[in-house]
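Notes follow once the structure below has been shown.
Starting from 1, each residue takes its place in the sequence as its number.
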Amino acid sequence: MGGDQVTGSEEAEGRAAGAGPLLLGVRHHGPGSARAVRAALEEARPRVVLIEGPPEADALIPLAADEEMRPPVALLAHAVDEPGRSAFWPLAEFSPEWVAIRWALEHDVPARFIDLPATHTLAWGRQEDEAGVAGESPLDAETADSEGDSEPACGPEPASGPEPASGPEPACGPGPADVRIDPLGVLAETAGYDDPERWWEDVVEHRGVGKGDALAPFTVLEEAMGALRETYGSGGHDRDLVREAYMRLQVRAAQREFEDGVAVVCGAWHVPALRRKTTVAADKALLKGLPKVKTDMTWVPWTHRRLSRVSGYGAGIDSPGWYGHLFSAPDRPVERWMTKVAGLLRAEDRLVSSAHVIEAVRLAETRAAMRGRPLPGLSETTDAVRAVMCEGSDVPLALVEDRLVVGDVLGEVPSAAPAVPLQRDLARLQRRLRLKPEALERELELDLRKETDAARGRLLHRLRLLGIAWGEPAASRGSTGTFRETWRLRWEPELSVRVAEAGVWGTTVLSAATAKAEADAVTAQGLADVTALAERCLLGELPDALPTVMRILADRAALDTDVGQLAQALPALVRSLRYGDVRGTDTGALGEVAAGLAERVFVGLPPACAALDADGAEEMRRHVDAVHGAVGLLGDAPAAGQGHLRARWQSVLRVLSGRDTVPGVIRGRAVRLLLDDGELAQEEAARLMGLVLSPGTPPADAAAWIEGFVGGGSGGGMLLVHDERLLGLVDAWLTGVPVEAFTDVLPLLRRTFSAYEPGVRRTLGELVRRGPGAGTGATGAGPGIPGFAAELDPARADAVLPVLRLLLGLDEVAEDIGKDLVGVTG
């Protein structure tokens, strides 16, 4: 492709003679392009550097030299009156645009962005949404131009066509039916490659920049793109015509100011269009009447993971971690890469030695030589890692691909970068609480009895209320107390958009969360939504919002007549009371509302349980369980004028258990809850079961009763194991079900018993095989069955005690007490 091309030195001479600006066509996020750009700028020494990007960011360019700036970062533009409508221009350390910016700053040369302003880009997206073209939500639409889209890998990548965060890419050209080409794919296919990435590595990434020939790669690439554009025109990217017209105008303006000392760094796809001679009037005509929207812009942190197609955003590279390594490795990139892989695998307790590294390098080089490649690429190194270090397994290889090939590098931006007041307050809180945003997911255990941990929990809860999901609650390990919280933290770049969007509610996290809670309470659809909001106000400690939420909650509770809604709302209120206790929050008003809500549930539940179909009965059973748990947490301390809630609830359960109009699954659950609370003797429970399982009861109703009594994951299996009278009743009923009815009740019974633990099912099978009730006592099992005996064996029971004391640490406690006593008496 370069046999008879103009050499770099010849192009430099032609440019000096007035041939036009120095056009450096690049592949965005290409380390080879980045190295070539740096070499070309060092050789050409232009007086101004023009870079593809939004001109509104010109004032932010000096921040790239700040010591606190750590790529990957991105330029974020968002509409002032609609912060959720935004766009990103990501830049990594190995991005040619970033290298050009840094070179200009280091050599005190002006740097400017020349792409179409973001004010038009975001306005295009708004027009599409209003026209119904974009159906995605602002941040979900980021996948609109992902892998399946053939966005030119050498052309309008992120820095030239922003990552759409408010809908599909702004369009002024063809619709979805137009054919869009991938220039990189066409060139790779022409060269006989089936993989565009491998072709690019061979011709660019693995090609060193020769001395005195720094401009040659750009000359060859410009010719290739020119041939493609002659064949395909705009390649289905007609919206680029407007952008290229704007860029040509900016280049002309720079030439008038700096004459021939102009260098332009842009996507290679645009170079032929910028070289093409057009009139100023024609270019201005293309820009006439473009929509506008007021826009703010700043730097935000970015991640390697967000630079890859793995995240759904086609940045033109599949392996940002690998490309970052190629750019930063001063020499012997394969050896250094294998050393990184070995370090990662060793950290994961895999046996990887220096010999593995040596053999993996040798294998990668051999495979590259067999394939006619100048150096091992990612495919060769991956094959070598799989064969040598992973022993042919894809499981550890997946870890290498996730942690190294893609990576979780998170950039940093200086504190001097423009930001909405809410962002600044959040950054201040993050520093004070030592909660550093990280791209890699991690778990955070909080002990709310400690002041710092409690403040961290409040911050995370307030951010969730604002829709900034930096942390997600997780189940705590080893404790069920309300004083402990577990969070999974992971910072994603789009959270910066959420912060900007939430800035409309206030200038601080506290004021914004308070205003958002009050607004959500007013617009809440149902009672359960308001109670959940009250719980979140307590978790986030928003005392100023709680009165408004409680007033709306009391009004909704007084007007709501749906028992199901009331039953759904009660557990959240009770949890709020518990959280308020551990945080020292005044929850007196909340307790009164909870007690009143419980009383309304008690009155309305029995009538609401009558004449329900199967689905309605199952849903109501879940409500009964939820209310029972809530009443148990409330305890039997009476609220003002309400009496003892627990006693009232038990009377409701008795009513439910004895009404024939109540579905069997609810009656069975009511009996079970009374039995668990000790309010019903086992003999009475057995009598009620016997009545239900009598021949006069339809089999389907009896099966539903059994489902309610021993199903639902409530330990019913162990109840049958330890009370063989109940098991005998179930067994006798089941064997007596008529054949014609058996197939109807079988699915329900299978669902009931399949939820038991395997050990419980095995024990029940042994008991049924031996014959339930044949032993003595409630738990007596007949002799001859392994693990069962007619009487308690004290010797076997005593043998367990040492192990239990060791597990519970009782011996250590006794030893510590003994030492303390000796110290006191001594």
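Judged purely by atom type and a 3.5 angstrom limit, Thr231 uses its side chain to pair as donor or acceptor with the backbone of Ala227. At distances below 3.5 Å, at least one donor-acceptor pair connects side-chain atoms of Arg70 with backbone N or O atoms of Glu67. Looking only at distances, a side-chain donor or acceptor of Arg102 sits under 3.5 Å from a matching main-chain atom of Ala64. At distances below 3.5 Å, at least one donor-acceptor pair connects side-chain atoms of Ser95 with backbone N or O atoms of Ala92. At distances below 3.5 Å, not a single donor-acceptor pair connects side-chain atoms of His120 with backbone N or O atoms of Lys292. Remark: side-chain polar atoms of Thr295 are paired, donor with acceptor, to backbone N or O of Val293 under 3.5 angstrom. A distance-only check finds no donor-acceptor pair linking the side chain of Trp98 to the backbone of Pro71 [under 3.5 Å]. Formation of a donor-acceptor pair under 3.5 Å by the Glu222 side chain with backbone atoms of Leu23 is not found in this model. For Arg38 (side chain) and Arg35 (main-chain N/O), no donor-acceptor pair under 3.5 Å exists by modelled atom type. In terms of modelled atom types and a separation under 3.5 Å, the side chain of Glu380 and the main chain of Gly377 share a donor-acceptor contact.
For CZ of Arg332, the number of neighbouring non-hydrogen atoms (other residues, nucleotides, ligands) closer than 6.0 Å is 12 at most. By the neighbour-count criterion of 12 heavy atoms within 6.0 Å, atom CG of Asp108 is sparsely surrounded, having that number or fewer from other residues, nucleotides or ligands. With a 6.0 Å radius and a threshold of 12 heavy atoms from other residues, nucleotides or ligands, Glu68 has its CD atom above the threshold. The environment of Glu106 atom CD is dense: over 12 non-hydrogen atoms of other residues, nucleotides or ligands sit within 6.0 angstrom.
Distance SG/Cys266 to CG/Leu274: 5.0 Å, rounded to 0.5 Å. We find the CG-CG distance between Leu22 and Asp260 to be 11.0 Å, quoted to the nearest 0.5 Å. Once rounded to the nearest 0.5 Å, the distance linking CG of Leu75 with CG of Leu60 reads 6.5 Å. Atom CE of Met69 and atom CD1 of Ile101 lie 9.0 Å apart (nearest 0.5 Å). Between the CG atom of Leu241 and the CG atom of Leu286 there is a distance of 7.0 Å, given to the nearest 0.5 Å. One distance of note links CE of Met297 with CZ of Phe113; it measures 8.5 Å at 0.5 Å rounding.
Scored by the side-chain contact (heavy atoms from CB on, under 4.5 Å) test, Lys284 finds Leu249, Val280 as partners (sequence neighbours excluded). Considering only residues two or more places apart in sequence or on other chains, Ala285 meets the side-chain contact (heavy atoms from CB on, under 4.5 Å) condition with none of them. Partners of Gln250 by side-chain contact (heavy atoms from CB on, under 4.5 Å), not counting sequence neighbours, listed by chain and number: Ile114, Tyr246. Remark: Thr278 pairs with Arg248, Arg252, Asp283 by the side chain to side chain donor-acceptor pair (under 3.5 Å) rule, at least two apart or across chains. Residues forming a ring pair (Phe, Tyr, Trp, His ring centres under 6.0 Å) with Trp103 (at least two apart in sequence, or on another chain): His107. Considering only residues two or more places apart in sequence or on other chains, Trp337 meets the ring pair (Phe, Tyr, Trp, His ring centres under 6.0 Å) condition with Trp322, His325.
Closest non-hydrogen pair, Leu287 versus Leu290, comes out as O-CG, 3.3 Å. Shown here for Trp89 and Ala77, the closest heavy-atom pair between the two residues is CZ3-CB, 3.6 Å. Contact between Ala384 and Leu363 at its shortest, heavy atoms only, is CA-CD2, 3.8 Å. Residue Ser496 comes nearest to Leu76 through the heavy atom pair CB-CD2, 4.3 Å, listed as atom of the first residue, atom of the second, then distance. Between Val265 and Ala100, the shortest heavy-atom distance links the atoms CG2-CB, 3.9 Å. Contact detail for Val385 and Val341: the closest heavy-atom pair is CG1-CG1, 3.8 Å.
Residues Leu63 and Val413 are not in side-chain contact: their nearest non-hydrogen atoms beyond the backbone lie 4.5 Å or more apart. Looking at heavy atoms from C-beta onward, Pro117 lies in side-chain contact with Pro55 at the 4.5 angstrom threshold. No side-chain heavy atom of Leu375 sits under 4.5 Å from any side-chain heavy atom of Val334. Between Val264 and Leu24, every side-chain heavy-atom pair lies at or beyond the 4.5 Å cut-off. Residues Val99 and Leu41 have side chains not in contact (no heavy-atom distance under 4.5 Å, counting atoms from C-beta outward). Residues Leu91 and Trp299 have side chains in contact (heavy-atom distance under 4.5 Å, counting atoms from C-beta outward). Contact check for Phe327 versus Glu93: side-chain heavy atoms found under the 4.5 Å cut-off. Residues Val48 and Glu257 are not in side-chain contact: their nearest non-hydrogen atoms beyond the backbone lie 4.5 Å or more apart.
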message: If you apply the rule side-chain contact (heavy atoms from CB on, under 4.5 Å), what do you find for Asp296 with Thr298, and how did you get there?
response: CA-CA 7 Å; Asp296 273 346; Thr298 186; over 6 Å; no
Residues Asp331, Arg336; criterion salt bridge (Lys or Arg N to Asp or Glu O under 4.0 Å); working and verdict: CA-CA 8 Å; Asp331 57 2; Arg336 294 178 184 275; 2.6 Å; yes
task: Begin with the C-alpha distance, continue with both residues' side-chain angles, and end with the deciding distance and a verdict on side-chain contact (heavy atoms from CB on, under 4.5 Å) for Trp269 and Asp240.
output: CA-CA 10 Å; Trp269 179 253; Asp240 290 341; 3.9 Å; yes
message: Please determine whether side-chain contact (heavy atoms from CB on, under 4.5 Å) holds for the pair Asp408 and Thr303, giving the CA-CA distance in whole Å, both sets of side-chain angles, and the decisive distance to 0.1 Å.
response: CA-CA 6 Å; Asp408 284 298; Thr303 67; over 6 Å; no
message: If you apply the rule side-chain contact (heavy atoms from CB on, under 4.5 Å), what do you find for Val26 with Glu97, and how did you get there?
response: CA-CA 9 Å; Val26 301; Glu97 297 85 357; 4.2 Å; yes
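Comment: Glu335 does not engage Lys340 in a salt bridge, judged by the lack of any side-chain N to carboxylate O separation of less than 4.0 angstrom.
The aromatic ring centres of Trp302 and Phe88 sit less than 6.0 Å apart.
For the salt bridge (Lys or Arg N to Asp or Glu O under 4.0 Å) criterion with Glu244, the lone passing option out of Arg229, Arg276, Arg275 is Arg229.
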